[in-house]
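One structure is given below, encoded as structure tokens.
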Amino acid sequence: MMLGLDKKLTLYGFNNLTKTLSFNIYDVCYAKSEREQRDYIAYIDEQYNSERLTKILVDVTEMIGAHILNISKQDYDPQGASVNILIAEGSLSSGHIDESCNQGKYLINPRDSVHAHLDKSHVTVHTFPEHHPDNSISTFRVDIDVSTCGEISPLNALDYLIGSFDSDIITIDYRVRGFTRDLHGMKYFIDHDITSIQDYIDDVTLTRYDAIDVNVYQSNIFHTKMLIKEIELQHYLFNTDVYELPPKQRLEITNSLRKEMIEIFSGMNIY
């Protein structure tokens, strides 16, 4: 749990710092036939539908000590889902909450599409299943953004979010914007100590990944990329038993998966 400067000194007014955590999670799967690819996308779409994503983001909101004002969720055709949650640092009386907000409760007369107003503090998730007929590898991408203002920090939920998805490649960005002041007018551009995003990821989780940092400390910008170390092939085969495949084919599939992961991790076409 992070301790902010406002725990040690008295600030003037409200803590105006905005802390934003943004990251992408990629799940990679080997699905050779067109049918297997369609089945994989359908499976992922069901596994990570808006209902489950909403549950994950509600848990995140509780972990960082925030309160839900409004939830907006949507499943898309043919695939993908989005969830937006408007949050507040402190609890608000019902008289101070906009009547259009549902406070996490579903609307009595739901519409086909609902979009929540996003303030400084919000949690969003979008999913992007993807495959190509010329490639036997399918991917599933999750984009997550957690933005808070005040004392609460989204970093406290990072490890939980990583564990909530099958994460082969993870790209994480964390930025602190704005400034807050003490009683004497001194400006503070960050209210907690941080040298790396990796400091807020459990050591057991980190041992499973190769991780690199690119940080701009003077601008309070932090970036971490993570690539899974070990490929246990059975976890990447869809509707196929690894022992049904000859050793040479297992090696070829493993190499294909690794190449795909390296290109996604590097952000460029290599092979």
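V216 and V176 fall into different hydrophobic clusters, where Ile, Leu, Val, Met, Phe, Trp and Tyr residues are linked whenever their side-chain heavy atoms come under 4.5 Å apart, directly or through other members. Residues L21 and Y217 share a single hydrophobic cluster, defined by chaining ILVMFWY side chains whose heavy atoms lie under 4.5 Å apart. L155 and V214 fall into different hydrophobic clusters, defined by Ile, Leu, Val, Met, Phe, Trp and Tyr side-chain heavy atoms under 4.5 Å apart, directly or through other members. When hydrophobic clusters are built by joining Ile, Leu, Val, Met, Phe, Trp and Tyr residues whose side-chain heavy atoms come closer than 4.5 Å, directly or via intermediates, I264 is grouped together with I212.
Inter-residue side-chain proximity for I270 and M268 is flagged as met; some heavy-atom pair is nearer than 4.5 Å. Taking the side chain as every heavy atom from C-beta outward, I169 and V28 approach each other to under 4.5 Å. Under the 4.5 Å side-chain criterion, counting only non-hydrogen atoms from C-beta, I68 is in contact with V58. Contact check for I56 versus L161: side-chain heavy atoms found under the 4.5 Å cut-off. At a threshold of 4.5 Å between non-hydrogen side-chain atoms, the residues M226 and T224 count as touching. Between E244 and D241 there is a side-chain heavy-atom pair separated by less than 4.5 Å. When side chains are defined from C-beta on, V60 counts as touching Y160, because their heavy atoms get closer than 4.5 Å. Taking 4.5 Å as the limit, some side-chain heavy atom of L57 sits within range of a side-chain heavy atom of V125.
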**OP:** Using the side-chain contact (heavy atoms from CB on, under 4.5 Å) rule, take I170 and I162 through it: C-alpha gap first, then chi angles, then the decisive distance, then the call.
**Re:** CA-CA 8 Å; I170 308 170; I162 292 174; 3.7 Å; yes
Original post:
So F165 and Y48, ring-ring contact (aromatic ring centres under 6.0 Å, His included) or not? Walk me through it.
Top reply: CA-CA 9 Å; F165 301 90; Y48 297 104; 5.3 Å; yes
Original post:
Going through the checks in order, is the ring-ring contact (aromatic ring centres under 6.0 Å, His included) test met by Y40 and F140?
Top reply: CA-CA 10 Å; Y40 169 74; F140 171 63; 7.7 Å; no
**OP:** Output, in order, the C-alpha distance, side-chain angles, deciding distance and verdict of side-chain contact (heavy atoms from CB on, under 4.5 Å) for R250 and Y243.
**Re:** CA-CA 9 Å; R250 293 181 212 168; Y243 295 108; 4.1 Å; yes
Subject >> Verdict with supporting geometry, K259 and E263, salt bridge (charged side-chain N to carboxylate O under 4.0 Å, His left out) >> reply: CA-CA 6 Å; K259 289 178 179 178; E263 289 191 337; over 6 Å; no
**OP:** Evaluate the criterion side-chain hydrogen bond (donor to acceptor under 3.5 Å, both in side chains) for residue pair Y30 and S256; output intermediate values, then yes/no.
**Re:** CA-CA 9 Å; Y30 181 83; S256 296; over 6 Å; no
Subject >> Steps toward side-chain contact (heavy atoms from CB on, under 4.5 Å) verdict (T20, V146) >> reply: CA-CA 6 Å; T20 302; V146 185; over 6 Å; no
**OP:** Before giving the answer on side-chain contact (heavy atoms from CB on, under 4.5 Å), spell out for Y174 and Y200 the whole-Å C-alpha distance, their side-chain angles and the decisive distance to 0.1 Å.
**Re:** CA-CA 11 Å; Y174 179 66; Y200 297 89; over 6 Å; no
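More than 12 heavy-atom neighbours from other residues, nucleotides or ligands sit within 6.0 angstrom of NZ on K229. Within 6.0 Å of OH on Y271 lie more than 12 heavy atoms contributed by other residues, nucleotides or ligands.
At distances below 3.5 Å, not a single donor-acceptor pair connects side-chain atoms of D159 with backbone N or O atoms of I201. Listed for the D182 side chain is a donor-acceptor partner under 3.5 Å among the backbone atoms of H184. Side-chain N or O atoms of Q234 include one that pairs as donor or acceptor with a backbone N or O of T240 at under 3.5 Å. Counting only distance, with no hydrogens or angles, the side chain of N16 and the backbone of T180 share no donor-acceptor pair below 3.5 Å. Looking at N220, its side chain does come within 3.5 Å of a backbone N or O of F189 through a donor-acceptor pair. A distance-only check finds no donor-acceptor pair linking the side chain of T171 to the backbone of F23 [under 3.5 Å]. The main-chain N or O of I137 is found under 3.5 Å from a side-chain atom of N135 such that the two form a donor-acceptor pair.
In this structure, the separation between NZ on K32 and CD1 on I253 is 7.5 Å, given to the nearest 0.5 Å. Atoms CZ and CD1, from F265 and I228 in turn, are 11.5 Å apart once rounded to the nearest 0.5 Å. In this structure, H126 NE2 and N84 CG are separated by 5.5 Å, a value rounded to the nearest 0.5 Å. Between the OG atom in S266 and the CE atom in M261 there is a gap of 13.0 Å [rounded to 0.5 Å]. The distance from the CD1 atom of I85 to the CD1 atom of I71 is 4.5 Å, given to the nearest 0.5 Å. Once rounded to the nearest 0.5 Å, the distance linking CG of L158 with CD1 of I64 reads 12.0 Å.
The nearest pair of heavy atoms linking S138 to H131 is OG-CB, 3.3 Å. S50 approaches A81 most closely through the heavy-atom pair N-CB, 3.9 Å. Closest non-hydrogen pair, Q79 versus D45, comes out as CA-OD2, 3.3 Å. Closest approach of I41 to P129, counting heavy atoms only: CD1-CB, 3.5 Å. Contact detail for L257 and Y236: the closest heavy-atom pair is CD1-CB, 3.6 Å. Nearest heavy atoms, L17 versus F179: CD2-CA, 3.6 Å.
The closest side-chain donor-acceptor pair between S22 and D173, if any, does not fall under 3.5 angstrom. Using modelled atom types and a 3.5 Å distance limit, the side chains of T207 and D203 yield no donor-acceptor pair. Side-chain N/O atoms of Y26 and S167 include no donor and acceptor closer than 3.5 Å. Between the side chains of S196 and D213, at least one donor-acceptor pair of N or O atoms lies under 3.5 Å. A side-chain donor from one of T139 and E130 sits under 3.5 Å from a side-chain acceptor of the other.
At a threshold of 4.0 Å, the pair D143-R141 counts as salt-bridged, since one of the basic side-chain nitrogens sits closer than that to a carboxylate oxygen. Using a 4.0 Å cut-off between charged side-chain N and carboxylate O, K55 and E51 make no salt bridge. Of the charged side-chain nitrogens involved, at least one lies within less than 4.0 Å of a carboxylate oxygen, so that K19 and D191 count as a salt-bridged pair.
Aromatic ring pairs are classed by plane angle as parallel below 30°, tilted from 30° to 60° and perpendicular above 60°; the pair F238 and Y43 is tilted.
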